[in-house]
Amino acid sequence: MHPVRYDAVILGLGYVGLPLAQQAIRSGLSVLGFDVNAAVVDALGAGRSHVDDLSEADVAEMLAGGFRTTVDESLIATADVAVICVPTPLSDGDGPDLRAVTGATEAIGRNLRPGMLVVLESTTYPGTTDDVVRPLLERLSGLVAGRDFHLAFSPERIDPGNEQFGPRNTPKVVGGYTAGCTERVAQFYGRFIDTVVRTRGTREAETAKLLENTYRHVNIALVNEMARFCHELDIDLWDVIHAASTKPFGFQAFYPGPGVGGHCIPIDPNYLSHNVRSKLGYPFRFVELAQEINATMPAYVARRAQNLLNADGQAVHGARVLLLGVTYKANIADQRESPATPLARQLAALGAKLSYHDPHVLRWSVGDVEVPRTDDLEGAAAAADLVILVQHHREYDADHLAGIAKRFFDTRGVTHGAEAHRL
């Protein structure tokens with residue numbers, strides 16, 4: 001009996017791998033999902049989702065379309081394409097922690113067949129595909145990249161919670177180890193993604209992702225720094241941004257906030273600055289300055305909160321502070337790198353009595369300390385000494401909450417009345 005053949009195996013079944021698998025299956029491809037986490041594999045096999053953008057009905061649809069999950073790496077050999085979608089968190093030295101990438105690469109290398117295509121999607125520094133992934137695959141398989149198998153990089157561009165752009169209509173950047181590899185990877189993604197953009201090679205594709213997120217990181221830092229001095233000069237920055245946004249060319253609006261979060265903006269630019277420092281010996285000053293500004297925003301918000309209480313003769317020590325929205329982005333449950341965490345840590349260090357409300361987060365801890373959650377949004381907002389809107393979920397009527405709160409600090413610039421203090 002011949003084993004089942006798959007068009008693709010996706011290694012890493014998280015925020016990147018699952019939506020990619022879903023789109024491929026919807027387009028008629030047969031997909032195997034591989035993960036080293038048996039609990040994730042079993043849950044998906046039983047129809048349960050752990051990712052915001054996929055409901056249980058979505059997982060059921062995938063299973064009905066032939067999606068299978070496994071922890072058995074030998075099944076990688078049954079696929080024509082292997083796509084690596086594992087996390088690359090920051091290591092202690094500000095470069096990427098490649099342990100998950102090398103682990104996935106080794107699993108593929110032990111099961112690599114001639115003619116297969118291997119694609120790295122995990123965000124990393126330029127040169128990883130050629131200098132880290134390729135040698136591992138070649139050593140473990142005895143095959144040669146560009147001759148016996150195809151190798152490419154294609155950056156993930158998943159934007160959790162984005163209802164306008166998903167895997168199909170977000171253009172896919174691809175870069176191969178050779179020109180032939182580029183054509184092979186473009187052909188693969190072209191089967192289920194509308195637009196495929198070819199780059200000269202893997203390094204250009206790797207750097208394109210870092211440029212996208214560095215662009216956002218630097219511009220967010222610019223408006224965050226402007227927020228500080230505009231407050232001191234009594235200038236309404238939100239009104240300034242609105243006015244500047246009326247220019248039909250040459251300007252894109254970015255907005256200040258309590259810090260940056262998620263798995264991209266606060267992390268990916270560091271890969272680039274780390275790579276420049278380690279390979280060229282000098283700093284990428286734009287990125288390092290942006291990182292410094294954005295990383296200090298939670299402390300700035302805590303200081304502003306302290307000043308709001310002080311202005312009314314109340315100490316922050318012992319004050320009841322309610323945080324609204326503790327995820328890194330509106331309308332999703334993902335808390336990775338959320339600025340709410342360092343903000344809560346700062347306020348707790350000042351002696352504030354914290355509680356939080358978030359319709360997407362049932363339990364939330366800062367370090368080892370669990371923060372009390374309230375279900376009574378209006379009651380808690382009215383009772384608190386200070387309410388801080390950290391993330392503006394669609395469930396929040398910020399103007400109404402500002403009207404019933406003693407003090408309301410809007411870090412997202414969404415309120416319109418005089419009752420709120422804006423960042």
Side-chain angles (χ1 to χ4, degrees), residues 224-225 227-232 234 256-261 266 291-330 333 335-393 396 398 400-415 418-423:
N224 277 338
E225 188 159 46
R228 300 186 190 204
F229 70 71
C230 281
H231 172 69
E232 296 295 330
D234 196 25
V260 293
Q291 181 67 19
E292 180 185 322
I293 293 168
N294 288 334
T296 57
M297 285 306 291
Y300 173 73
V301 170
R303 192 163 67 251
R304 286 278 304 275
Q306 186 176 21
N307 291 343
L308 285 172
L309 290 162
N310 280 346
D312 292 336
Q314 181 168 357
V316 69
H317 189 89
R320 292 166 297 176
V321 178
L322 173 66
L323 303 180
L324 300 183
V326 297
T327 59
Y328 88 84
K329 187 180 179 186
Q335 302 159 52
R336 287 177 294 176
E337 308 295 326
S338 171
T341 300
L343 172 58
R345 198 175 285 122
Q346 293 273 345
L347 290 167
L350 292 168
K353 292 181 178 177
L354 297 177
S355 61
Y356 84 98
H357 178 278
D358 193 307
H360 304 278
V361 180
L362 296 179
R363 296 185 67 179
W364 184 52
S365 295
V366 175
D368 298 329
V369 179
E370 186 163 334
V371 180
R373 181 181 192 271
T374 180
D375 287 320
D376 179 11
L377 174 58
E378 295 211 358
D385 296 307
L386 175 64
V387 179
I388 304 178
L389 181 68
V390 185
Q391 192 56 263
H392 186 226
H393 295 307
Y396 295 149
H400 171 67
L401 292 169
I404 63 175
K406 294 186 183 80
R407 301 169 193 85
F408 192 90
F409 185 15
D410 171 13
T411 71
R412 296 294 176 178
V414 294
T415 51
E419 296 92 349
H421 301 272
R422 297 204 288 182
L423 188 66

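Please read these numbers as outputs of a predicted model, since none were measured by experiment.
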In this structure, CZ of Arg363 is separated from OH of Tyr356 (nearest 0.5 Å) by 9.0 Å

Just by distance, with hydrogens left out, do Gln335 and His360 show a side-chain donor and acceptor under 3.5 Å apart? no

Kindly write out the residues that satisfy side-chain contact (heavy atoms from CB on, under 4.5 Å) with Ala344, not counting sequence neighbours, or none if the list is empty. Leu323, Leu354, Trp364, Val366

List the steps, then state whether side-chain contact (heavy atoms from CB on, under 4.5 Å) holds for Tyr300 with Arg228. CA-CA 8 Å; Tyr300 173 73; Arg228 300 186 190 204; 3.9 Å; yes

Does any non-hydrogen side-chain atom of His231 lie less than 4.5 Å from one of Leu423? no

When rounded to the nearest 0.5 angstrom, what is the spacing between CG in Asn224 and CG in Asn294? 5.0 Å

Rounded at 0.5 Å granularity, tell me how far OH in Tyr328 sits from CD in Gln391. 9.5 Å

Could you tell me the separation between the CE atom of Met297 and the CD1 atom of Ile293, rounded to the nearest 0.5 Å? 9.5 Å

Quick one: are Val390 and Val301 in side-chain contact, heavy atoms under 4.5 Å? no

Yes or no on side-chain contact (heavy atoms from CB on, under 4.5 Å) for Gln346 and Gln306, after CA distance, side-chain angles and deciding distance? CA-CA 10 Å; Gln346 293 273 345; Gln306 186 176 21; over 6 Å; no

Should we say atom NZ of Lys353 is surrounded by more than 12 heavy atoms from elsewhere, each under 6.0 Å from it? no

Working to the nearest 0.5 Å, report the span between OG1 of Thr296 and CD of Glu225. 8.5 Å

Just checking, is any N or O donor in the side chain of Asp410 or His421 under 3.5 Å from an acceptor N or O on the other one? no

Measure the spacing between OG1 of Thr415 and NE2 of His392 and express it to the nearest 0.5 Å. 9.0 Å

Partner set under side-chain contact (heavy atoms from CB on, under 4.5 Å) for Leu377, not counting sequence neighbours: Leu324, His357, Tyr396, Leu401

Hits for side-chain hydrogen bond (donor to acceptor under 3.5 Å, both in side chains) against His317, two or more places apart or cross-chain, chain-then-number order -> none

Please tell me if the side chains of Arg412 and Pro258 come closer than 4.5 Å, counting only heavy atoms from C-beta onward. yes

